[in-house]
Structures are given as structure tokens and as C-alpha cells.
Amino acid sequence: MFVDSHCHLSFPELHARLPQILLDMRAADVHQALAICTTLEEFDTVHALATGHDMLWCSVGVHPDNEGVQEPSVADLVQRAARPRVVAIGETGLDYYRLNGRSVADMAWQRERFAVHIRAARATGLPLVVHTRNASADTLAILKDEGQGAVRGVFHCFTETAAVAEAALALGFHISFSGILSFRNAADLREVARQVPLDRCLIETDSPYLAPVPHRGKTNSPAWVPHVAACLAQARQLDLHTVAQATTVNFQRLFRLPAWDGQAVPGAIQN
Ligand SMILES: [Zn+2]
Ligand SMILES: [Zn+2]
């Protein structure tokens, strides 16, 4: 079986056809997925997905790209994290890709928001889902400062260098690969994927974005995570079964989920 460690099922493209997506997931042998929260305003919708469907769990967090939304306090995150089936803090992190005319110095609010999430992860003991884009040095520095070695988690949709992967691994983090691994111009990333220890690798779709080859450009869904697994298997010269099993066990261990028992009933809650 496969798991999708990062998807945005509350986004309208996916939320509107959720029943079909769950059927597609089962047909593709994808039995667990983590529905990621990106604003506090969205949390109730994401949380309802996780409490309403046995295949789904959720996070609580505010994405670094979201402006003009409610700014979370540590208490806002900790309170929501105490609800059933919330298994992670995030996604959070830093994104200096869209500065829109601002300087990196102007993004202090983003660094502060990231620090708030790290404090919530420390307070709850939950793993952190980290987004980093054009900001790896600051991301790692803040994680070190605020995390104090007590925070674990995942660098999601990894597109950074081997050196950044090594630094993230040294902090105890996992590395999650997305459909980008299947893109023709991603040879460097496939080389990184070869080097990360298998027991620290996760796979994800980041759907509705980043559909893997052969679906590139379409609306992605968790049912296509096996294509990411196949790319990881090919890059590492492993068989698909080995990669599926390792990434599933890693996911369940990191987010402390029960193993899928093979006969979950739709709507039933397993923890
Ligand atoms: Zn992200
Ligand atoms: Zn995301």
C-alpha cells in the first residue's frame, strides 16, 4: 500500500469531488493521506475531512505564503492540535520566492510566524511539516534556534540541494519527495533522492499541484502518489514494493498513526 504525506483536500478542485477521490485512492492502493491545513480559517474544513474519513488525518498551520489571514498564536495552534486526528503542525516555513518587491529583511513576519509554529510543535510534541523555498539557510537556522533539538518533522516537497538535505537529516527531519521527482529536468533532485537514507524518505502529491508524469499539468490527487513512489524506486534501483513499504512505515512512525489493518470501513475512526 501507499500513503500520501501531503495533500490539500480542502482546496475546491479536490474538495468538490472528494467521494470520487477516495474511491480512486482505494483503487490505487493508497490507504492513508495527510490533509494539510494552510490557514486557521480553513482548519474546520480540513479537520472535518480527517474526522469523517478513516483514510485521512490532518495538520494545523498557516502557510508562509498566506497574507491577510488570521495570524496564529502558539495557543491557537496548540488548542486545535489537541483535537482528534490532528497529527502535525504546519505547513509552515519560509518562502522567499514571491517577495513581490520586498527584501528578505522585510519578511521578518514570516520568520516570526515560523517560530510560532516551532514553539507549538515543541509544546505539543507533534511533528512539523516544513515548506521552504529560496530560504533554506534561514529555515535551517530558525529550526535550530527555536527547535533546540526537540522538534522533528518533514521537509515537504523537497527541491533543495544534497547539502540542505544533509542538514535537515542532521536535525532529525524526514525528506518528502513529490511529483517533481518525475520531471525530466529534475536529475539533480533524483540524485538527492538516491542519497537520503530510505528510513527517512516520505512521498507526497502536494495535490492539487505538481501532478507527476504521466499526468503532468493535470489536477493532481492522492491517487497518483504511486507514480512518485515509482520514481523514487527507479532513482534508488529498488523495487516498488520496497519503496511503498518503507515510505508507509516511515509515515506511520513519524505521525504516530496506526498501521492500516486492511479492512477499514469508510467513516470509521481508528484512533
Ligand atoms: Zn508547501
Ligand atoms: Zn502544501
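Just follow the structure's listing: the first ligand is 1, and inside any ligand the first atom is 1.
- A donor-acceptor contact under 3.5 angstrom links the side chains of Glu91 and His8, judged on distance only.
- For the Zn ion (ligand 2), the nearest N, O or S atom contributed by His8 is named NE2.
- Using modelled atom types, one finds no donor on one side chain facing an acceptor on the other under 3.5 Å when comparing Gln252 with Thr248.
- Around the Zn ion (ligand 1), the protein contributes the following N, O or S atoms at distances under 2.8 Å: Glu91 OE1, His131 ND1, His156 NE2.
- A salt bridge links Glu112 with Arg119; the closest basic N to acidic carboxylate O contact falls under 4.0 Å.
- The stretch residues 233-253 participates, sequence neighbours left out, in these ring pair (Phe, Tyr, Trp, His ring centres under 6.0 Å) pairs: Phe251-Phe255.
- Under the rule for a ring-ring contact (aromatic ring centres under 6.0 Å, His included), His117 has no partner lying at least two apart in sequence or in another chain.
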Which atom pairs, one a donor and one an acceptor, fall under 3.5 Å between side chains of residues 171-181 and the rest of the protein, sequence neighbours left out?
residue: Ser176; atom: OG; partner: Ser5; partner atom: OG; Å: 3.2
residue: Ser176; atom: OG; partner: Glu204; partner atom: OE1; Å: 2.8
residue: Ser178; atom: OG; partner: Ile180; partner atom: N; Å: 3.3

